[in-house]
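Reviewing the structure listed below.
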Amino acid sequence: MTYCVGLYLNEGLVLLSDTRTNAGVDHISTFGKMHVEEVPGERMVALLSAGNLAISQAVWNRLVEGVWLEGQTHTLRDVPTMFRAAQLVGAAVRAVFDTDGPTLRAQGIAFDVALLLGGQIGGQPQRLFMIYAAGNFIEATEDTPFLQIGEHKYGKPILDRAVTPDTTLVDGVKLALISMDSTLRSNLTVGMPLDLLVYRANTQVVALRKRITEDEPYFRLVREGWSNSLREAYRAMPAPDWVPG
């Protein structure tokens, strides 16, 4: 399992993923789940993955080599729009399913993959999509300015309460890290280090890409500060007058 989150903000995009893969308690490894195709000044496209590692790696390799879409072979470096990029990722997922799905099914293994695709191409608007195992997808909107894949339930409450399209990129980074920390504390299948990408709208270039380890001072500050703030907040709330003292 993994946890990836993408924030769709007026200022840009914040993308965050963990790096843990888990095939049982004796088979825990670290693999990056964030891939980026960047042509500075022309496009920035990032793909985050959750689910079966072999499936997600096969999807990415097909995207690098080229995927057949509407009569032509394309990669993320030449599709003309982000919508076409989402279609291309969906086509890659279906191609991997056609190749590997029957064998996986025969072994009793589910075809488990989910992906976040975010970025901007040319002068078109930035966009953020979530692609399902069937190859279909949904898009983030102003009403729902974040998307999650993987073990998302622990990190969702803070995002529901705090993220709006007007959230700044700096605050978005803080909220994404708090969301990840909540997941790390509650689920051992999600683990450090973390991969963070910040994209400022209309630049077509990555503003920040950073691997965050256990030794990162700011992440330690976020973890300790958020825990202390939660304890102080519940203690400050008045006790219900219908509970005996």
Side-chain angles (χ1 to χ4, degrees), residues 2-19 32-50 56 59-60 63-64 74-90 92 114-131 137-150 152 155 158-159 162-180 193-213 216 218-219 222:
T2 191
Y3 176 49
C4 301
V5 58
L7 307 187
Y8 175 72
L9 311 174
N10 291 336
E11 285 191 1
L13 303 173
V14 176
L15 305 173
L16 182 67
S17 67
D18 83 316
T19 57
K33 302 166 188 175
M34 179 184 294
H35 304 280
V36 179
E37 287 285 10
E38 182 183 24
V39 181
E42 195 273 326
R43 72 181 60 209
M44 194 294 297
V45 182
L47 187 73
L48 284 65
S49 62
S56 61
V59 169
W60 176 250
L63 289 167
V64 170
H74 290 283
T75 72
L76 292 176
R77 297 181 71 86
D78 62 37
V79 285
T81 68
M82 284 300 299
F83 178 74
R84 286 294 182 91
Q87 288 184 312
L88 191 72
V89 175
L115 303 119
L116 292 182
L117 177 75
Q120 190 171 22
I121 296 175
Q124 302 161 38
Q126 65 175 6
R127 302 177 79 172
L128 176 65
F129 298 92
M130 178 167 64
I131 298 98
F137 51 86
I138 63 171
E139 183 174 4
T141 66
E142 288 193 357
D143 293 324
T144 307
F146 68 89
L147 295 172
Q148 302 166 285
I149 54 175
H152 58 81
I158 178 62
L159 303 179
V163 176
T164 72
D166 292 328
T167 300
T168 65
L169 287 175
V170 172
D171 284 343
V173 169
K174 288 191 287 186
L175 289 167
L177 291 174
I178 291 170
S179 176
M180 180 64 74
L194 311 176
D195 286 328
L196 171 69
L197 185 147
V198 178
Y199 172 73
R200 188 170 294 278
N202 302 317
T203 61
Q204 290 80 34
V205 65
V206 173
L208 171 70
R209 190 174 183 185
K210 179 177 178 63
R211 173 153 287 192
I212 298 171
T213 67
E216 168 62 41
Y218 181 74
F219 188 61
V222 167

Counting N and O atoms only, with roles assigned by atom type, does the side chain of [X] sit under 3.5 Å from a partner on the main chain of [Y], one being a donor and the other an acceptor?
X: Glu11; Y: Pro165; value: no
X: Thr75; Y: Leu63; value: no
X: Gln120; Y: Asn202; value: yes
X: Gln204; Y: Gly122; value: yes
X: Thr144; Y: Thr141; value: no
X: Arg43; Y: Leu76; value: yes

Contact summary for [X] and [Y], nearest pair of heavy atoms:
X: Leu175; Y: Ala162; result: CD2-CB, 3.6 Å
X: Pro40; Y: Val205; result: CB-CG2, 4.3 Å
X: Ser17; Y: Leu48; result: CB-CD2, 4.0 Å
X: Met82; Y: Val45; result: SD-CG2, 4.0 Å
X: Leu16; Y: Leu194; result: CD1-CB, 4.0 Å
X: Leu13; Y: Gly119; result: CD1-N, 3.4 Å

Evaluate Thr81 against Val79 for side chain to side chain contact (heavy atoms under 4.5 Å, CB included), listing each step before the verdict. CA-CA 6 Å; Thr81 68; Val79 285; over 6 Å; no
Determine, step by step, whether Phe129 and Tyr8 satisfy the ring-ring contact (aromatic ring centres under 6.0 Å, His included) criterion, reporting the C-alpha distance in whole Å, the side-chain angles of both residues, the deciding distance to 0.1 Å, and the verdict. CA-CA 10 Å; Phe129 298 92; Tyr8 175 72; 9.3 Å; no
Side chains of Thr2 and Lys33, donor plus acceptor under 3.5 Å: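 Short answer, yes.
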Decide yes or no on side chain to side chain contact (heavy atoms under 4.5 Å, CB included) for Val206 and Tyr199, but give the supporting numbers first. CA-CA 5 Å; Val206 173; Tyr199 172 73; 5.7 Å; no
Pairing of Arg211 and Glu216 as salt bridge, 4.0 angstrom limit: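 Not counted as a salt bridge, because no side-chain N and carboxylate O are separated by less than 4.0 Å.
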Has Arg77 got more than 12 heavy atoms of other residues, nucleotides or ligands less than 6.0 Å from its CZ?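 Atom CZ in Arg77 is crowded, with more than 12 foreign heavy atoms closer than 6.0 Å.
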Should we count NE2 of His152 as having more than 12 external heavy atoms under 6.0 Å?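 It does not: His152 NE2 has 12 such atoms or fewer within range.
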Evaluate the side chain to side chain donor-acceptor pair (under 3.5 Å) criterion for residues Tyr3 and Gln148: first the C-alpha distance (whole Å), next the side-chain angles of each, then the deciding distance (0.1 Å), finally the verdict. CA-CA 7 Å; Tyr3 176 49; Gln148 302 166 285; 2.8 Å; yes
Quick one: do Arg209 and Leu196 satisfy side chain to side chain contact (heavy atoms under 4.5 Å, CB included)? Show the steps, please. CA-CA 6 Å; Arg209 190 174 183 185; Leu196 171 69; over 6 Å; no
Rounded to the nearest 0.5 Å, how far apart are CG of Leu115 and CE of Met130?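 The CE atom of Met130 is 10.5 Å from CG of Leu115, to the nearest 0.5 Å.
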